[in-house]
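Here is the structure we will look at.
Since the structure is predicted, the reported quantities are computational estimates derived from the model, not experimental observations. Throughout, a chain's letter reflects where its sequence line sits, starting with A, and its residues are numbered from 1.
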Amino acid sequence: MTPDQSETQPQAAAEVPERPTLDGLEERWSEVWEREGCYRFDRSAPRERVFSIDTPPPTVSGSLHVGHVFSYTHTDAVARYQRMRGKAVFYPMGWDDNGLPTERRVQNHFGVRCDPSVPYDPDFTPPAEPSEREPVPISRPNFVELCLRLTETDERAFEELWRGLGLSVDWSMTYTTIGARAQGISQRSFLGLLARGQAYQLEAPTLWDVDFQTAVAQAELEDRERPGAMSRVRFHVAGADAQEALIETTRPELIPACVALLAHPDDERQRELVGKEVLTPLFGTRVPVLTHALVDPQKGTGLVMVCTFGDLTDVVWWRELGLPVRSVLGPDGRLADVPWGAAGWESEDVGRARRDYAELRGKTVNQARKRILELLEQAGDIVGEPTLLTRAVKFFEKGERPVEIITSRQWFFRTVAHREALLERGRELAWHPPYMRARYEDWVNGLTGDWCVSRQRFFGVPFPLWYPLDAAGAVLYDEPIAAREDQLPVDPSTDVPEGYAAEQRGRPNGFAGDPDVMDTWATSSLTPQIAGGHTAGTAGSGEDDELFAKVFPMDVRPQAHDIIRTWLFSTILRSHLDYGVLPWRNAAISGWVLDPDRKKMSKSKGNVVTPMHLLEEYGADAVRYWAANGRPGTDTAFDAQQMKVGRRLAVKLLNASKFALADLPPEGQSLSNPLDRAMVARLGGVVADATSSFEEFDYARALERVEGFFWWYCDYYLELVKGRRYDTAGSGGGDGAASDGAGEATASVSRALRRSLSIFQRLLAPFLPFVCEEVWSWWQEGSVHLASWPGGAELDAAFGGAQAADGDLENTALAVTADVLSEVRKAKSQARRPMRARVTRAVVHDSAERLAALELGAEDLRGAGSIGTIEKVVSQEFAVDVELEEETAD
RNA sequence: GGGCGCGUAGCUCAGUUGGCCAGAGCACCUCGUUUACACCGAGGGGGUCGCCCGUUCGAGUCGGGCCGCGCCCACCA
């Protein structure tokens with residue numbers, strides 16, 4: 001039933017509880033919403049009536065914190081607004097269970113580790129007493145089973161929390177990023193990119209985490225400040241021992257991996273050296289001295305050592321100057337065995353090179369660094385004392401040791417070639433707030449290489465590929481065998497490619513499955529497709545192209561600003577590559593929750609606030625109120641005080657609704673009283689403001705406006721009209737024609753109260769869904785969340801067609817009446833008298849215009865202020881002289 | 001080093017195109033149980049709008065320059 005219907009037809013008396021309460025509303029109403037399917041997506045709606053949301057699937061790695069509650073509440077408020085606007089809201093939830101965080105938890109929780117060489121054991125049960133120190137090696141399929149078992153438990157807990165918070169999600173459409181559908185879609189998209197040359201594999205230097213022993217992507221790096229030491233190291237010019245070349249380095253352990261020294265082309269000081277060859281200290285390897293424009297002559301000695309590979313700049317120099325590879329670091333982050341001598345690495349003194357390198361081999365980077373400095377010192381090739389400094393070092397965001405750069409075969413998606421197109425997509429997207437676009441552009445402009453998507457891990461989406469083995473059993477990487485689309489999803493470690501038998505796995509002339517899984521973002525970047533059921537061509541996962549066409553491109557992607565470079569960027573990329581469109585029209589970027597000291601909440605800091613107890617202590621509506629106060633894109637400090645305020649607002653709505661609905665509804669809709677009409681006119685302005693704010697995804701502004709006016713309404717309007725409202729409640733209809741005026745005045749306020757409360761209940765419903773549903777249920781059929789958003793027609797109806805020609809006068813009447821009431825209250829308060837104290841005479845000084853308007857509200861004002869007579873004096877300055885009745889001594 | 005954002009009452013923040021004595025909530029103080037509400041109501045004190053120039057009849061609002069904080073990015077040897 002629409003609100004218009006409800007108010008034009010006779011209503012039954014409202015069923016208002018004697019003592020309204022917030023207790024138990026969450027349980028009661030979330031159960032009703034589920035039972036009634038209140039938030040089910042209406043698939044029959046035409047495309048233009050659909051509003052689709054690409055919700056962030058939270059990482060299922062244990063606990064939720066208030067940051068989740070914060071940003072998901074923002075999205076939910078928008079979803080509820082759109083639903084009330086008549087949209088069929090597509091709002092499914094996903095769980096991001098794919099990836100490293102889950103692997104780590106499974107290892108610790110069950111005391112196992114994944115070893116792909118172990119065969120699958122269908123009867124495997126995890127150890128009764130998990131040991132972190134001696135984990136049981138298990139097969140990849142067994143490991144994945146445990147991952148799934150653990151994530152299922154987590155996902156149930158998450159869903160319970162979301163329901164408690166009142167998210168209006170369609171729970172029948174939940175997806176996971178490790179589920180068969182997601183895997184099928186992810187693999188299918190990969191094969192498409194492969195076929196179109198947008199995915200390729202390459203043996204190349206890639207960013208590498210030595211703890212997890214996997215490749216990582218540029219997007220997953222972060223800088224951390226670490227102490228270091230800068231050492232000045234002497235190289236000798238080959239054949240001219242007396243001539244030396246000095247470099248400065250923080251990574252002397254990479255001297256054996258040195259392939260050149262570089263100077264800036266214009267650096268006069270180095271002119272002598274350029275073009276010559278020098279010998280590396282200790283190892284005696286000949287390396288050339290070359291020039292490159294990226295060398296900064298101001299830094300260090302102006303001469304820099306290029307190693308394979310110390311940092312990303314080394315990779316640039318190595319590639320652009322065509323230098324050889326001499327790599328010393330193994331995948332485990334230790335210095336590997338290297339072949340000094342004849343057929344291997346060149347040295348002027350092989351014996352010494354072998355002897356010195358033996359001191360380093362097998363050591364970690366840190367150990368080797370310490371040792372090589374000692375060796376260099378002994379050799380006299382350190383100049384002066386090392387300088388201690390602090391420098392930014394790149395880390396894998398989930399890692400504990402700096403990333404290294406190691407040459408390996410990896411899969412890549414092309415990004416750099418699409419830079420301009422991606423920037424254009426960024427301009428096409430509507431950002432809320434708009435300045436967030438800069439972060440995206442910074443990132444796209446700063447891309448240094450294509451996206452490395454392969455990971456040497458286990459719990460993820462495998463590449464749908466096998467490779468043939470030649471007669472000697474060597475893998476033919478350049479002839480990958482792709483899975484057929486109708487096979488997807490496949491696991492090449494257990495599934496067999498077409499044309500081969502299972503026994504041929506790993507045999508000469510047989511095949512091998514691709515051992516890697518995809519970067520978790522390679523699947524998460526497809527959430528619009530996964531959520532939208534885009535599974536065409538994928539066997540057994542429920543094709544649903546009709547649904548996809550209805551929801552994609554989506555209307556909005558809500559997410560936090562820290563994952564613009566990962567999730568937002570990669571989703572745009574994939575949609576651009578696969579469909580040539582933006583994945584959504586709007587990006588609504590939320591901030592973070594900071595602790596009260598304005599530090600980011602994080603597990604490592606131990607300042608995380610968990611949300612469950614907040615919901616219990618303050619109630620879901622109150623927690624949502626706090627969250628909805630956080631402006632779009634702005635980091636917000638955690639503040640339990642705000643939750644108390646939210647709770648007060650909810651209680652206020654209960655009580656104001658009780659007051660408004662206490663009497664029987666009168667016939668008709670039109671408002672005859674000027675104050676009633678002015679109030680509704682003001683409310684109309686608030687509705688317009690809230691509506692335009694919501695259209696811009698500015699839920700916080702909408703709440704601020706609605707809330708502000710609601711408190712004014714309670715403090716002034718309700719107080720002003722109280723007397724008139726009670727007038728006939730007692731006097732009844734016995735006076736016949738004589739009481740028609742009074743009867744009509746009362747009917748007007750009664751109608752105004754119902755009209756305004758109906759609107760307030762709907763305006764607040766996106767923020768306080770539980771209490772609004774409660775008060776709505778007292779007098780309306782159906783859910784407030786399916787009622788229509790307040791707007792023009794119903795407001796016009798309040799004026800009964802006779803839109804006041806003197807609307808300005810009425811508005812002024814309401815303003816001046818409230819001003820006088822405020823002055824009267826102040827006088828009583830300063831006289832330390834109760835508010836009910838009688839005012840024998842109030843003299844209002846004001847402009848002639850306002851005094852004239854005051855007349856329209858004088859009756860209500862006298863009632864609200866217990867005022868005997870009101871006198872008016874024309875004046876430039878507004879003032880009220882209040883004469884209080886003598887205090888009766890008793 | 002580049003970019004973005006922020007700096008308004010003790011605290012958290014509003015202040016949309018420049019316009020009367022700068023606002024709210026919390027906290028603090030005073031008063032008050034009047035039939036929506038003690039999970040309450042009424043009132044009060046409290047601010048050189050970070051600093052300095054400039055544009056203007058008029059600047060919290062626009063321009064320039066500083067200072068401070070936060071974040072993002074960077075080819076950090």
Q) Given the side-chain rings of A:F767 and A:F694, with only the six-membered ring counted for Trp, is the space between their centroids under 6.0 Å? A) yes

Q | Distance between C1' atoms of B:G3 and B:A74 (Å, rounded) | A | 10 Å

Q: Could you measure between the two C1' atoms, the one in B:G65 and the one in B:C26, and give it in whole Å?
A: 37 Å

Q) Expressed as a whole number of Å, how far does the P atom of B:U16 sit from that of B:U61? A) 11 Å

Q: Rounded to whole angstrom, note down the C1' distance from B:C66 over to B:A27.
A: 35 Å

Q) Is any side-chain nitrogen or oxygen of A:K652 closer than 4.0 Å to OP1 or OP2 of B:G41? A) yes

Q: For A:V651 and for A:D442, locate the closest nucleotide of RNA chain B by heavy-atom distance; then report the residue assigned to the nucleotide nearer the 5' terminus.
A: A:D442

Q: Nearest-nucleotide wise, let me know which of A:D23 and A:Q218 is further upstream toward the 5' end of RNA chain B.
A: A:D23

Q | Mate of B:C66 where both pairing distances stay under 3.5 Å, Watson-Crick or G-U | A | B:G50

Q) Across the strands shown, which category fits A:Y716 at heavy-atom distances under 4.0 angstrom: base, sugar-phosphate, nothing? A) sugar-phosphate

Q.
Using the C1' atom as the point on both nucleotides, what is the distance between B:G32 and B:U17, in whole Å?
A. 45 Å

Q) What pair of heavy atoms forms the shortest contact from A:M305 to A:R251, and how long is it? A) CE-O, 3.9 Å

Q. What interatomic distance, in whole Å, is found between P of B:A42 and the corresponding atom of B:U33?
A. 15 Å

Between the protein and nucleotides 21-27 of chain B, which nitrogen or oxygen pairs are less than 3.5 angstrom apart?
from: B:C26; atom 1: OP1; to: A:R648; atom 2: NH2; distance (Å): 3.0
from: B:C26; atom 1: O3'; to: A:Q641; atom 2: NE2; distance (Å): 3.3

**Q.** NZ/NE/NH1/NH2 to OD/OE distance under 4.0 Å, A:R647 and A:D23
**A.** yes

Q: Would you mind classifying the nucleic acid contact of A:L294 as base, sugar-phosphate or nothing, using non-hydrogen atoms under 4.0 angstrom?
A: base

**Q.** Separation between the P atoms of B:G18 and B:G25, rounded to whole Å
**A.** 28 Å

Q.
Mind checking if A:K826 touches a base, just sugar-phosphate, or nothing, with heavy atoms under 4.0 Å?
A. sugar-phosphate

(Q) Looking at A:F770, I'd like to know if the NZ or CZ of A:R624 sits under 6.0 Å from its six-membered ring centre while staying within 45 degrees of the ring's axis. (A) no

(Q) Rounding to an integer number of angstrom, what distance separates B:C52 and B:A59 when you compare their P atoms? (A) 14 Å

Q: Just call it for A:C307: base, sugar-phosphate, or nothing, with non-hydrogen atoms closer than 4.0 Å on any strand.
A: nothing

Show me the protein contacts with nucleotides 16-18 of chain B, counting only N or O atoms at under 3.5 Å.
from: B:U16; atom 1: O2; to: A:R701; atom 2: NH2; distance (Å): 3.2
from: B:U16; atom 1: N3; to: A:R701; atom 2: NH1; distance (Å): 3.2
from: B:U16; atom 1: N3; to: A:R701; atom 2: NH2; distance (Å): 2.2
from: B:U16; atom 1: O4; to: A:R701; atom 2: NH2; distance (Å): 3.0
from: B:U16; atom 1: O4; to: A:R705; atom 2: NH1; distance (Å): 3.0

Q: Figure out the OH/P separation between A:Y713 and B:C37, and round it to whole Å.
A: 15 Å

(Q) So, OP1 or OP2 of B:G32: does either fall under 4.0 Å of a side-chain N or O from A:S829? (A) no

(Q) Under a 3.5 Å cut-off for both contacts, is B:G1 paired Watson-Crick or G-U wobble with anything, and if yes, with which nucleotide? (A) B:C73

